[in-house]
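Everything on this sheet refers to the single structure shown next.
This structure is a prediction, so every number in the text was calculated from the model and none was measured. Computed over heavy atoms, backbone and side chain alike; hydrogens, waters and symmetry mates excluded.
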Amino acid sequence: QVQLMESGGGLVQAGGSLRLSCAASGRIFRINGMAWYRQAPGKQRELVAAVSSGGSTNYADSVKDRFTISRDNTNNTVYLQMNSLKPEDTAIYYCNAVIAATGMVSFSNYWGQGTQVTVSS
């Protein structure tokens, strides 16, 4: 019914930048929060950044002042601009959205397939 499609991952040198995007598609009635998570090998999945339907944002301390999350409500898309990348940012990045599909009475939690971000020294 609803899918999240991610793009923008890749390889970059330390200090470089990447821009991730995630578009929600399907029979969408309403989208509340949208967020980016990441998971490195051997580590727990962690919240990187989140943006509410009203536009308020939240960032992990490790990425604050380097990453920026934004959303385009017209196109049901969330972005993550990543600047000044460090090797410790290397992880699989997952898009997350809380969405009510058309005909559903409650919101559900949706995940993208994940996109690899690798930062070299």
Side-chain angles (χ1 to χ4, degrees):
Q1 183 82 339
V2 175
Q3 290 184 308
L4 301 182
M5 304 174 62
E6 299 168 308
S7 62
L11 279 64
V12 66
Q13 295 182 83
S17 299
L18 284 174
R19 183 172 182 257
L20 307 182
S21 64
C22 173
S25 62
R27 296 186 59 81
I28 298 169
F29 174 67
R30 181 179 175 86
I31 301 178
N32 275 349
M34 304 186 81
W36 289 95
Y37 288 75
R38 69 185 181 187
Q39 186 167 23
K43 300 182 66 177
Q44 297 183 39
R45 183 170 57 187
E46 65 173 346
L47 175 66
V48 177
V51 58
S52 72
S53 60
S56 62
T57 58
N58 241 353
Y59 296 94
D61 288 339
S62 60
V63 307
K64 200 169 300 181
D65 300 323
R66 298 189 297 121
F67 292 8
T68 302
I69 189 171
S70 61
R71 63 190 288 173
D72 179 350
N73 292 328
T74 299
N75 294 305
N76 295 326
T77 302
V78 62
Y79 304 93
L80 185 67
Q81 179 66 47
M82 305 184 294
N83 298 326
S84 302
L85 283 162
K86 306 174 181 179
E88 50 262 45
D89 294 319
T90 296
I92 300 176
Y93 284 70
Y94 297 92
C95 177
N96 172 264
V98 178
I99 300 173
T102 300
M104 302 297 291
V105 298
S106 63
F107 288 85
S108 296
N109 201 31
Y110 292 89
W111 293 92
Q113 78 283 358
T115 183
Q116 178 71 48
V117 172
T118 302
V119 184
S120 65
S121 300

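Listed by chain and number, the residues in a side-chain contact (heavy atoms from CB on, under 4.5 Å) with Gln1 are Arg27, Ala101 (sequence neighbours excluded). Scored by the side-chain contact (heavy atoms from CB on, under 4.5 Å) test, Arg66 finds Val63, Ser84, Lys86, Asp89 as partners (sequence neighbours excluded). With sequence neighbours left out, the side-chain contact (heavy atoms from CB on, under 4.5 Å) criterion links Asn83 to Ser17, Gln81. With sequence neighbours left out, Phe107 forms a side-chain contact (heavy atoms from CB on, under 4.5 Å) with Arg30, Asn32, Val98, Ala100. For Tyr37, the ring pair (Phe, Tyr, Trp, His ring centres under 6.0 Å) test picks out Trp111, with sequence neighbours left out.
Clustering ILVMFWY residues whenever any of their side-chain heavy atoms sit less than 4.5 angstrom apart, transitively, puts Leu4 in the very cluster that holds Ile28.
For the pair Glu6 and Trp36, the minimum side-chain heavy-atom distance is below 4.5 Å. Thr68 has its side chain out of reach of Leu80: every pair of non-hydrogen atoms, C-beta onward, lies at least 4.5 Å apart. Side-chain contact between Ile31 and Asn73 is absent, with no heavy atoms from C-beta onward closer than 4.5 Å.
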Show me, pair by pair, the donor-acceptor contacts under 3.5 angstrom made by side chains of residues 113-121, not counting sequence neighbours?
| from | atom 1 | to | atom 2 | distance (Å) |
| --- | --- | --- | --- | --- |
| Thr115 | OG1 | Gly9 | N | 3.3 |
| Gln116 | NE2 | Ala91 | O | 3.4 |
| Gln116 | NE2 | Thr118 | OG1 | 3.4 |

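Summarising the local packing, CG of Asn109 is surrounded by more than 12 heavy atoms from other residues, nucleotides or ligands at distances under 6.0 Å. When the shell of 6.0 Å around CD of Glu88 is examined, it contains more than 12 heavy atoms from other residues, nucleotides or ligands.
Between Met82 and Leu20 the shortest heavy-atom distance is CE-CG, 3.8 Å.
Among residues at least two apart or in separate chains, there is no ring pair (Phe, Tyr, Trp, His ring centres under 6.0 Å) pair with a member in residues 44-80. For residues 45-81, the set of pairs meeting the disulfide (SG to SG under 2.5 Å) definition, not counting sequence neighbours, is empty. Pairs passing the salt bridge (Lys or Arg N to Asp or Glu O under 4.0 Å) check and including a residue from residues 39-60, sequence neighbours excluded, read Arg38-Glu46. Pairs passing the side-chain hydrogen bond (donor to acceptor under 3.5 Å, both in side chains) check and including a residue from residues 99-108, sequence neighbours excluded, do not occur. Contacts classified as disulfide (SG to SG under 2.5 Å) and involving residues 69-113 (residues at least two apart or in different chains) are given here: Cys22-Cys95. Within the structure, ring pair (Phe, Tyr, Trp, His ring centres under 6.0 Å) pairs that include any residue of residues 86-106 do not occur (at least two apart or interchain).
With rounding to the nearest 0.5 Å, the separation of CG in Leu47 from CG in Asn96 is 8.5 Å. Between Met34 atom CE and Ile69 atom CD1 the span is 8.0 Å, to the nearest 0.5 Å.
A donor-acceptor distance shorter than 3.5 angstrom exists from the side chain of Asp72 to the backbone of Thr74, with no hydrogens or angles considered. Remark: the backbone N or O of Ala60 is not paired with any side-chain donor or acceptor of Ser62 at under 3.5 angstrom. Here the side chain of Asn58 pairs no donor or acceptor atom with the backbone of Val51 at under 3.5 angstrom.
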